[in-house]
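Reviewing the structure listed below.
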Amino acid sequence: MTLSEILNHRRAIRHYDPDKPLDSNVVKQCLQESTLAPTSSNMQLWECYHVTDAAVLKQLAHACLNQQSARTAQQMVVFVVRPDLYRSRAAANLVFERENIKRNSPREKWESRIKRRELYYGKLMPFQYFRFLGLAGLFRKLLAQAIGLFRPIVRQVSESEVSTVAHKSCALAVQTFMLAMSEKGYDTCPLEGFDSRLVKRALHLPGGCGINMVITCGVRLPDGVWGDRFRVPFEEVYHHV
């Protein structure tokens with residue numbers, strides 16, 4: 001399918017065919033492709049849990065309020081954000097960038113570019129993602145407001161705003177996954193109606209993670225699509241400046 005065909009084919013499916021199982025390796029491949037989605041500062045503060053176990057699927061269906069999409073799903077993928085991993089992800093980026101610069105930059109620029117990456121991933125990202133009872137975010141917010149009096153600066157630096165950044169990056173991966181699944185002839189439905197405590201319990205997730213979305217997966221039945229797609233008129237959302 002072309003991209004346009006994929007976008008039109010993808011719908012939120014509410015009822016899956018029980019007689020058409022999914023190839024777990026194909027779903028895994030789609031998840032691997034989702035890692036190519038853009039992510040803020042390349043921090044990649046998200047993970048996915050690919051669920052095929054029938055007992056766990058039943059627990060997740062209960063956690064998802066027993067919605068039909070969850071009850072009939074052949075498989076599920078739970079996407080979570082992991083802002084608590086910011087130190088290890090920043091360190092991994094720094095290790096990669098040191099060699100990346102040497103592979104792809106003129107030798108005379110190695111030192112200056114590596115220093116910038118060391119400042120960014122060694123200092124700025126840990127400062128950006130550090131949390132302490134909201135106080136670290138408040139300090140960053142006040143600092144940004146003061147610096148912003150003299151030059152443009154990123155102002156979304158409170159702890160809640162930084163969490164939103166991680167969720168946005170994760171959502172980009174989720175969309176990439178759903179489009180990849182559609183290209184393979186599989187269907188999905190993104191659920192936000194779920195009990196996050198029960199989802200965490202079913203998957204034994206650490207406390208520091210946040211549930212971004214639960215994605216049900218399968219092959220649609222005719223009644224799995226609830227009628228025609230509604231979108232507000234394009235003229236209401238499009239603004240040409």
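Treat the numbers as computed from the prediction; the structure is a model and nothing was measured. Residue numbers count from 1 along this sequence.
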Could you give the distance from CD (Gln32) to CG (Asn25), rounded to the nearest 0.5 Å?
11.0 Å
What heavy-atom pair brings Arg229 and Asn8 nearest, and what distance separates the two atoms?
NH1-O, 3.7 Å
Between the main-chain N or O of Gly227 and the side-chain N or O of Arg11, is there a donor-acceptor pair closer than 3.5 Å?
yes
So, the side chain of Arg71 versus the backbone of Asn66: is there a donor-acceptor pair under 3.5 Å, distance only?
yes
Using side-chain heavy atoms (C-beta onward) and a distance below 4.5 Å, is Arg220 in contact with Asp17?
no
Is the closest basic N to carboxylate O distance between Glu97 and Lys115 below 4.0 Å?
no
Pairing donors with acceptors under 3.5 angstrom, does anything connect the side chains of Tyr121 and Ser41?
no
Criterion side chain to side chain contact (heavy atoms under 4.5 Å, CB included) on Leu172 and Phe177, from CA distance to verdict
CA-CA 9 Å; Leu172 291 170; Phe177 167 68; over 6 Å; no
Is there a side-chain contact between Cys170 and His167, using heavy atoms and a 4.5 Å cut-off?
no
Hey, could you give me the CZ/CG distance between Arg89 and Asp84, rounded to the nearest 0.5 Å?
9.0 Å
Search all heavy atoms of Val157 against all heavy atoms of Ala144 and return the closest pair with its distance.
CG2-CB, 4.0 Å
Determine, step by step, whether Asn212 and Val80 satisfy the side chain to side chain contact (heavy atoms under 4.5 Å, CB included) criterion, reporting the C-alpha distance in whole Å, the side-chain angles of both residues, the deciding distance to 0.1 Å, and the verdict.
CA-CA 5 Å; Asn212 181 267; Val80 304; 6.0 Å; no
Derivation of the side chain to side chain contact (heavy atoms under 4.5 Å, CB included) call for Glu161 and Lys141:
CA-CA 10 Å; Glu161 289 168 335; Lys141 197 76 173 176; 2.9 Å; yes
Which atom pair, heavy atoms only, marks the closest approach of Cys64 to Ala70?
CB-CB, 3.9 Å
With a 3.5 Å distance limit and no angle check, can you tell me whether Arg140 reaches the backbone of Phe130 through a side-chain donor-acceptor pair?
yes
What about Leu57 and Ile211, same hydrophobic cluster or not, with Ile/Leu/Val/Met/Phe/Trp/Tyr joined at side-chain heavy-atom distances under 4.5 Å?
yes
If we check side chain to side chain donor-acceptor pair (under 3.5 Å) with Tyr16, which of these qualifies: Thr72, Asp187, Thr216?
Thr216
Assigning hydrophobic clusters by single linkage (Ile, Leu, Val, Met, Phe, Trp, Tyr; side-chain heavy-atom cutoff under 4.5 Å), is Trp226 placed with Met178?
no
Just verifying a value: how many Å separate Met76 CE and Cys48 SG, rounded to the nearest 0.5 Å?
15.5 Å
Atom pair NE2/OG1 of His9 and Thr2 - distance to nearest 0.5 Å
12.0 Å
Close side-chain approach of Ile101 to Arg117, heavy-atom, < 4.5 Å
yes
Got Val232 and Phe230 here, is their nearest side-chain heavy-atom distance under 4.5 Å?
yes
Evaluate Ser40 against Ser169 for side-chain hydrogen bond (donor to acceptor under 3.5 Å, both in side chains), listing each step before the verdict.
CA-CA 6 Å; Ser40 179; Ser169 290; 4.9 Å; no
Can you say whether the rings of Tyr86 and Tyr129 are parallel (under 30°), tilted (30 to 60°) or perpendicular (over 60°)?
parallel
Do Val174 and Leu179 land in one hydrophobic cluster if side-chain heavy atoms of ILVMFWY residues count as linked below 4.5 Å?
no
Within the supplied structure, the quantity of interest is the number of heavy atoms (other residues, nucleotides, ligands) at a distance under 6.0 Å from His62 NE2; does it exceed 12?
no
Cluster check Val219, Met181: I/L/V/M/F/W/Y, side chain < 4.5 angstrom:
yes
First locate atom OG of Ser196, then atom CZ of Arg201, and finally report the distance between them rounded to the nearest 0.5 Å.
11.5 Å
Does the side chain of Asp23 come within less than 4.5 Å of Lys184's, by heavy atoms?
no
Ignoring hydrogens and geometry, is there a side-chain-to-backbone donor-acceptor pair from Glu99 to Phe96 under 3.5 Å?
no
Of all heavy-atom pairs between Ala202 and Leu60, which one has the smallest distance, and what is that distance?
CB-CD2, 4.0 Å
Which atoms form the tightest heavy-atom contact between Thr188 and Cys217, and what is the distance?
CG2-SG, 4.3 Å
Considering all heavy atoms of both residues, which atom of Ser182 and which atom of Met1 are nearest to each other, and what is their separation?
O-CE, 3.1 Å
Short question: side chain of Arg82, backbone of Trp46 - any donor-acceptor pair under 3.5 Å?
no
Quick one: do Val77 and Val51 satisfy side chain to side chain contact (heavy atoms under 4.5 Å, CB included)? Show the steps, please.
CA-CA 6 Å; Val77 179; Val51 182; over 6 Å; no
Leu124 backbone acceptor or donor facing Gln128 side chain under 3.5 Å
no
Mark yes or no for whether Glu159, through its side chain, and Phe132, through its backbone, hold a donor-acceptor pair below 3.5 Å.
yes
When you measure from the side chain of Tyr186 to the backbone of Ala180, do you find a donor-acceptor pair of N or O atoms at a distance under 3.5 Å?
no
Is the shortest side-chain N to carboxylate O distance from Arg98 to Glu118 below 4.0 Å?
yes
Which one of Gln68, His15, Arg14 satisfies the side chain to side chain donor-acceptor pair (under 3.5 Å) criterion with Asp223?
His15
Nearest-0.5 Å distance that lies between atom CD in Gln74 and atom CG in Asp19
8.5 Å
Would you say Ser105 and Arg113 are linked by a side-chain donor-acceptor pair, where the criterion is simply a distance under 3.5 Å?
yes
Ignoring hydrogens and angles, tell me if any N or O in the side chain of Thr164 forms a donor-acceptor pair with the backbone of Ser160 under 3.5 Å.
yes
Are the side chains of Ile153 and Arg155 in contact, using a 4.5 Å heavy-atom criterion?
yes
State plainly whether one hydrophobic cluster holds both Leu138 and Leu133, where clusters connect Ile, Leu, Val, Met, Phe, Trp and Tyr through side-chain heavy atoms under 4.5 angstrom apart.
no
Give a yes or no on this: more than 12 heavy atoms of other residues, nucleotides or ligands lie within 6.0 Å of atom CD of Glu111.
no
Is the closest side-chain donor-acceptor distance between Glu33 and Thr176 under 3.5 Å?
no
Distance-only, no hydrogens or angles: does the Gln44 side chain make a donor-acceptor pair with backbone N or O of Asn42 under 3.5 Å?
yes
With a 4.5 Å cut-off on side-chain heavy atoms, are Glu236 and Arg231 touching?
no
